[in-house]
Amino acid sequence: MLSQLVTRVVSIAVFVAAWQVTSMLIPPRYVPGPATTFAKLIEFAGSGALLGNLATTMIRLLGGFAVALLVGVAVGSAMGLYRRAEGALDLWVMVCLTIPSLVYIIIAFLWLGLTELGAIAAIAWTTFPAITVNVWSGVKAIDQGLIDMARVFRASRAVRGFAVILPQILPYVMGASRYGFGIAWKVTVFVELMGRSDGVGYQLNYSFQIFDMPGVFAWTLFFVAIMITIELGILKPLERHLFRWRPELRA
Amino acid sequence: MTAVSLAEIRKAFPDQEGTDEVLVFDGLSLSVRDREFVCLLGESGCGKSTLLNMVGGLDRDFSGHLALEGNAGPDSVKTDPRIGYVFQEHRLLPWLSVYDNLKFVLRTGGIPSDLWSSSISLWLDRVGLWEFRNAYPHQLSGGMRQRVSIARAFVIDPDILLMDEPFSGLDEFTGRQMREELLQLWRQSQKTVLFVTHNCFEACYLADRILILGNRPARVTDEVPVDIPRDYESEELFERSVGLTRKVLGTGLGRLRGQS
């Protein structure tokens, strides 16, 4: 555990050092150094732009992700439980998975206008097929033997659903969520660039327009830091706690 | 008193094309007396597990008469007899500890919660796993998991115990030890047991009475009372099991001849 932490800290230090060296060799308009980038970051923070734009982006991200999760779990469960639903939908899920996210964004904005709703719809649409596929395979892997066991020992339908089936599906939903979250945050930035006038994606685009490389670096660094914090600080510990009974996750 | 009785059972599965049906049972009848240990012996695929699932209430798609009775005293009011089931695989809930797996069936079985902790400690102690009460199933060996599964079947104080080849997935040494342990638990608790197996030696060792299931559609082709002492070392046990094997194979060969 400790040595793992040391390895991580060293690897970050090496990266920053390499970044510093590179920035000294290449003009800052192409590769701004760590100091320049952090100065920019502090400047953004001082003006209130940093947290304001982050909040806007996070709301869109979470809204779109929540819708995608809901639809993905519903469709994926139906496909895993009912052969007919699987036969009817598997092709279309594959189609949805293949269509580039840009297409969803364009369609959502054309249908719903350059609005918050359009942004959330585009994020949800791009994210849900991946969640569906993961949940689908998870529900298919449900152990019928455990359900039979519960029936013999007189578990009611509700108990079988909540105490026997749900815990079997949950790891897959959790895995699908982490995967889906990764897709959602990438697409959110893209959506903001395409059709919104605020948020981290918009700010990135703005920096691009005025060729402000330190701005691009600062926004990227900030956003990545937030996402890693969510992943390592919330999702991973949550998953470890929920699934401590699973041997493969204990290693 | 009869604890389990089946009469004129008819059961059919749709065949692979779904156009026709395959008769599993046609006119099957058998009964198990109260506190009796009955082994149901037959070749694989003859319908032993299907029969057990029907008795256990997992399969209700059959015609005929099936009656179960509890062995409770006259003063206690029991409507539905309680069933303890030991499957071939342990079928423990992997996300619950050993202790909580037992608690799960006590809860679903409607047993008053003030009895839970004493019942659990009694049965985990009897199968020698009290120390492992907080372990998850994946942390246990195959034999230990099956012990938990047996404790789970006993802990609800069942009227009838159904066992579906519970030791067939274990190595012979573990299996042998667990058969002894099972007999001990059975003597202590005096339960009615219906035990499915394809192992003649196991049947002779465990049973009061062996029912041989043969021919398709399956019915009880022979009934063998076992009155020898339950002792692994006895010559008699060995001879009996050899004789029984011949008997079972005989019905199998008869079927083969009938088909040709």
Side-chain angles (χ1 to χ4, degrees), chain A residues 73 77 80-84 86-87 134-135 137-178 235-251, chain B residues 49-50 52-60 68 79-98 100-111 134-140 145 148-149 151-164 166 169:
Chain A
V73 169
S77 301
L81 291 173
Y82 305 106
R83 208 159 280 186
R84 188 160 288 176
E86 185 175 32
N134 275 283
V135 174
S137 63
V139 172
K140 272 175 85 95
I142 286 178
D143 185 351
Q144 180 64 38
L146 293 180
I147 301 174
D148 284 346
M149 180 282 293
R151 275 177 62 202
V152 167
F153 287 99
R154 294 184 175 179
S156 65
R157 255 188 116 76
V159 170
R160 296 203 298 269
F162 281 103
V164 180
I165 299 178
L166 197 64
Q168 292 189 66
I169 302 179
L170 219 52
Y172 294 94
V173 172
M174 193 69 198
S177 298
R178 282 175 64 189
L235 295 180
K236 217 167 178 183
L238 183 69
E239 185 171 82
R240 192 172 301 160
H241 175 75
L242 280 175
F243 309 128
R244 59 194 181 284
W245 52 271
R246 289 177 86 190
E248 64 268 39
L249 287 175
R250 300 179 68 87
Chain B
S49 297
T50 309
L52 217 55
N53 282 340
M54 284 161 50
V55 178
L58 285 176
D59 189 341
R60 298 180 195 277
L68 305 178
T79 46
D80 248 354
R82 214 178 270 139
I83 291 172
Y85 208 126
V86 182
F87 299 88
Q88 191 172 348
E89 329 81 51
H90 58 83
R91 299 202 188 175
L92 299 170
L93 297 175
W95 51 86
L96 295 184
S97 67
V98 166
D100 288 343
N101 261 288
L102 266 59
K103 203 160 90 178
F104 176 80
V105 295
L106 289 168
R107 181 182 288 129
T108 59
I111 283 128
N134 294 322
Y136 287 102
H138 75 86
Q139 295 168 313
L140 306 175
R145 284 178 210 154
V148 178
S149 163
R152 177 178 66 184
F154 273 103
V155 79
I156 56 166
D157 189 23
D159 298 302
I160 299 154
L161 263 173
L162 302 178
M163 304 196 157
D164 189 2

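On a predicted model such as this, the values are computed, not experimentally measured, just so you know. Letters go in sequence order (proteins before strands), and every chain restarts at 1.
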Could you walk me through whether A:D143 and B:R91 pass the side-chain contact (heavy atoms from CB on, under 4.5 Å) test, one step at a time?
-> CA-CA 9 Å; A:D143 185 351; B:R91 299 202 188 175; 5.9 Å; no
Over all atoms of both residues, closest heavy-atom pair of A:F153 and B:V105 |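 For A:F153 and B:V105, the tightest heavy-atom pair comes out as CG-CG1, 3.5 Å.
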Please look at [X] and chain A and tell me whether the side chain, the backbone, both or neither of the residue comes under 4.5 angstrom of a heavy atom of that chain.
X: B:L58; answer: both
X: B:R152; answer: both
X: B:L92; answer: backbone

Tell me, do [X] and [Y] make a side-chain contact under 4.5 Å, heavy atoms counted?
X: B:L96; Y: A:P167; answer: no
X: A:W245; Y: B:L93; answer: no
X: A:R160; Y: B:T108; answer: no

Would you please test A:V152 and B:F87 for side-chain contact (heavy atoms from CB on, under 4.5 Å) and show each step?
-> CA-CA 11 Å; A:V152 167; B:F87 299 88; 4.2 Å; yes
From CD1 (B:I83) to CZ (A:R151), nearest 0.5 Å = 11.5 Å
One option among B:G109, B:P94, B:P137, B:G57 has the most heavy-atom pairs under 4.5 Å with chain A, and it is B:P94
